Amino acid sequence: MAGNIIIVGNSEFAEIASEYFKKDYGYETVAFAVDKEFIREDSLLGHPVVASDTLSDMYPPDKIDGVFVAAVYTQMNRLRERFCKEYKEKGYRLLSYVSPHAFVWENVEIGENVFIFEDNTVQYHVKLHDNVILWSGNHIGHSAEIGKNTFVSSHVVVSGYTKIGKNCFLGVNSCLGNNITFPDDSILAAGAVTTCSFQDKGRIYAGNPAKIMKKTAYEYFGVDEQ
């Protein structure tokens, strides 16, 4: 596989995405795109950094093989969500990446703008909706489902048949038991463990067993409740 790609962002994740897409998929980064006010330098890794509002003129969609939005969990994943929507509306194809050093079963469903790092185990019949990020070293159990725009950090266990809502954040070493649900816009804190479902969206769940914290996820990320 070979072609060219636009990486949206200028963070370290953007650098990683550029390197991984090139080494494993053969995609050459032609530019990094960011909002004009966040341009810190003219180039990154030897490629130009361009303003998002001028990208279509410089690199029209029909000349680019795809785009990857390399933003982390900023604004409860809403920044990454916004960019995905904007670039798709402009006519760009959103690409996904699966590390050759991850175990991903053949019937796993993978959406657009998904990034699966090395050392992930993604089992039989898992569904990863659009814009999900699996950082390194997670276990996603059989028939589990992870909702749109969710960020899974590292060494997280999502057990079989468990369903994660959209725009969630799962902290390092957190664990969700078998056949439970975790609501939209929610945080499972680092090291938190739950074997039961929760219904209240937009909350932070911490501890073992996980309990609801007073501060909401909206307050923590500084975003309006939706």
Side-chain angles (χ1 to χ4, degrees), residues 1-36 38-74 77 79-106 108-122 126 128-138 140 146 148-156:
M1 185 183 301
N4 54 31
I5 188 173
I6 300 289
I7 302 294
V8 180
N10 58 355
S11 66
E12 188 170 33
F13 185 22
E15 295 181 27
I16 291 170
S18 177
E19 293 283 337
Y20 281 31
F21 269 106
K22 180 176 182 179
K23 183 178 186 302
D24 295 326
Y25 286 9
Y27 280 109
E28 186 68 35
T29 299
V30 296
F32 293 89
V34 295
D35 286 341
K36 183 164 50 180
F38 293 105
I39 294 179
R40 301 189 298 264
E41 52 197 350
D42 294 332
S43 67
L44 183 63
L45 299 180
H47 307 296
V49 177
V50 301
S52 295
D53 58 358
T54 63
L55 184 70
S56 296
D57 296 330
M58 301 174 67
Y59 304 98
D62 61 345
K63 303 297 184 183
I64 298 297
D65 292 300
V67 164
F68 179 76
V69 178
V72 287
Y73 43 85
T74 306
N77 302 292
L79 180 64
R80 197 169 72 256
E81 180 183 14
R82 174 172 70 84
F83 278 133
C84 284
K85 183 175 183 291
E86 288 179 1
Y87 281 89
K88 194 167 182 178
E89 288 175 347
K90 290 176 181 179
Y92 292 98
R93 174 188 174 208
L94 297 176
L95 299 176
S96 291
Y97 168 87
V98 179
S99 171
H101 305 292
F103 175 86
V104 180
W105 192 246
E106 60 187 13
V108 170
E109 295 182 47
I110 298 174
E112 299 175 327
N113 209 77
V114 170
F115 203 98
I116 302 176
F117 275 83
E118 62 276 4
D119 298 329
N120 277 282
T121 294
V122 187
V126 165
L128 303 175
H129 288 265
D130 295 343
N131 203 21
V132 167
I133 307 297
L134 299 182
W135 217 264
S136 58
N138 302 294
I140 312 300
I146 299 181
K148 288 182 178 181
N149 317 314
T150 287
F151 189 99
V152 182
S153 55
S154 288
H155 298 285
V156 174

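Note that the structure is a prediction, hence the values are computed from the model and not measured. One is the number of the first residue; the rest follow in order along the sequence.
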Please report the interatomic distance CH2(W135) to CG(N138), rounded to the nearest 0.5 Å. 11.0 Å

Minimum-distance pair of heavy atoms, taken over all atoms of Y92 and Y59: OH-O, 2.5 Å

For the student: nearest non-hydrogen atoms of A70 and A14, plus distance: CB-CA, 3.6 Å

Say you draw a straight line from CD of E19 to CG of D24; how long is it, rounded to the nearest 0.5 Å? 10.5 Å

Rounded to the nearest 0.5 Å, what's the gap from CE on M58 to NZ on K63? Could you check? 15.5 Å

Nearest 0.5 Å please: distance from the CD1 atom of I146 over to the CG atom of L128. 5.5 Å

Within the 4.5 Å heavy-atom criterion, are L55 and I6 side-chain neighbours or not? yes

To the nearest 0.5 angstrom, please state how far the CD atom of E89 sits from the SG atom of C84. 11.5 Å

Looking at F38, I want to see if its CZ is surrounded by more than 12 non-hydrogen atoms of other residues, nucleotides or ligands under 6.0 Å. no

Should the pair F115 and F13 be assigned to parallel (<30°), tilted (30 to 60°) or perpendicular (>60°) ring geometry? perpendicular

Nearest atoms (heavy-atom pairs only) where K90 meets P61: O-CG, 3.2 Å

Keeping the roles fixed (side chain from S154, backbone from S136), state whether a donor-acceptor pair exists under 3.5 Å. yes

S99 side-chain N/O to D119 backbone N/O, donor-acceptor pair under 3.5 Å: no

Taking it one step at a time, do Y87 and N113 satisfy side-chain contact (heavy atoms from CB on, under 4.5 Å)? CA-CA 11 Å; Y87 281 89; N113 209 77; over 6 Å; no

Is the backbone N or O of S52 less than 3.5 Å from a side-chain atom of D35, with the two atoms forming a donor-acceptor pair by type? no

Looking at side-chain heavy atoms only, is the closest gap between Y25 and L95 below 4.5 Å? no

In terms of ring plane angle, is the pair F21 and F68 parallel, tilted or perpendicular, where the classes change at 30° and 60°? tilted

Non-hydrogen side-chain atoms of N120 and V152 separated by less than 4.5 Å: no

Kindly indicate, with the supporting measurements, whether the criterion side-chain contact (heavy atoms from CB on, under 4.5 Å) is fulfilled by I5 and D65. CA-CA 6 Å; I5 188 173; D65 292 300; over 6 Å; no

Start with the C-alpha gap between I133 and R80, add the side-chain angles, then the distance that decides, and say whether side-chain contact (heavy atoms from CB on, under 4.5 Å) holds. CA-CA 10 Å; I133 307 297; R80 197 169 72 256; 3.7 Å; yes

Donor-acceptor check, side chain of N131 to backbone of K148, threshold 3.5 angstrom: yes or no? no

Would the number of heavy atoms belonging to other residues, nucleotides or ligands and lying under 6.0 Å from CG of D42 be above 12? no

Assign the ring pair Y73 / F151 to parallel, tilted or perpendicular, where the plane angle (0 to 90°) is split at 30° and 60°. perpendicular

Closest non-hydrogen atom pair, A51 against K36: CB-CB, 4.0 Å

Atom CD of E12 with >12 non-hydrogen neighbours under 6.0 angstrom: no

Do V98 and V108 make a side-chain contact, defined as non-hydrogen atoms from C-beta onward lying under 4.5 Å apart? no

Does the side chain of I7 reach to within under 4.5 Å of the side chain of L44, using non-hydrogen atoms? no

Check step by step if side-chain contact (heavy atoms from CB on, under 4.5 Å) holds for L45 and F32. CA-CA 10 Å; L45 299 180; F32 293 89; 4.1 Å; yes

Using modelled atom types only, decide if a donor and an acceptor are shared between the side chain of D130 and the backbone of G111 within a distance under 3.5 Å. no

Between the CD atom in E81 and the OG1 atom in T150, the distance rounded to the nearest 0.5 Å is 10.0 Å

Keeping R40 on the side-chain end and N10 on the backbone end, is there a donor-acceptor pair under 3.5 Å? yes

Salt bridge check: are R82 and E86 linked by an N-O gap of less than 4.0 Å? yes

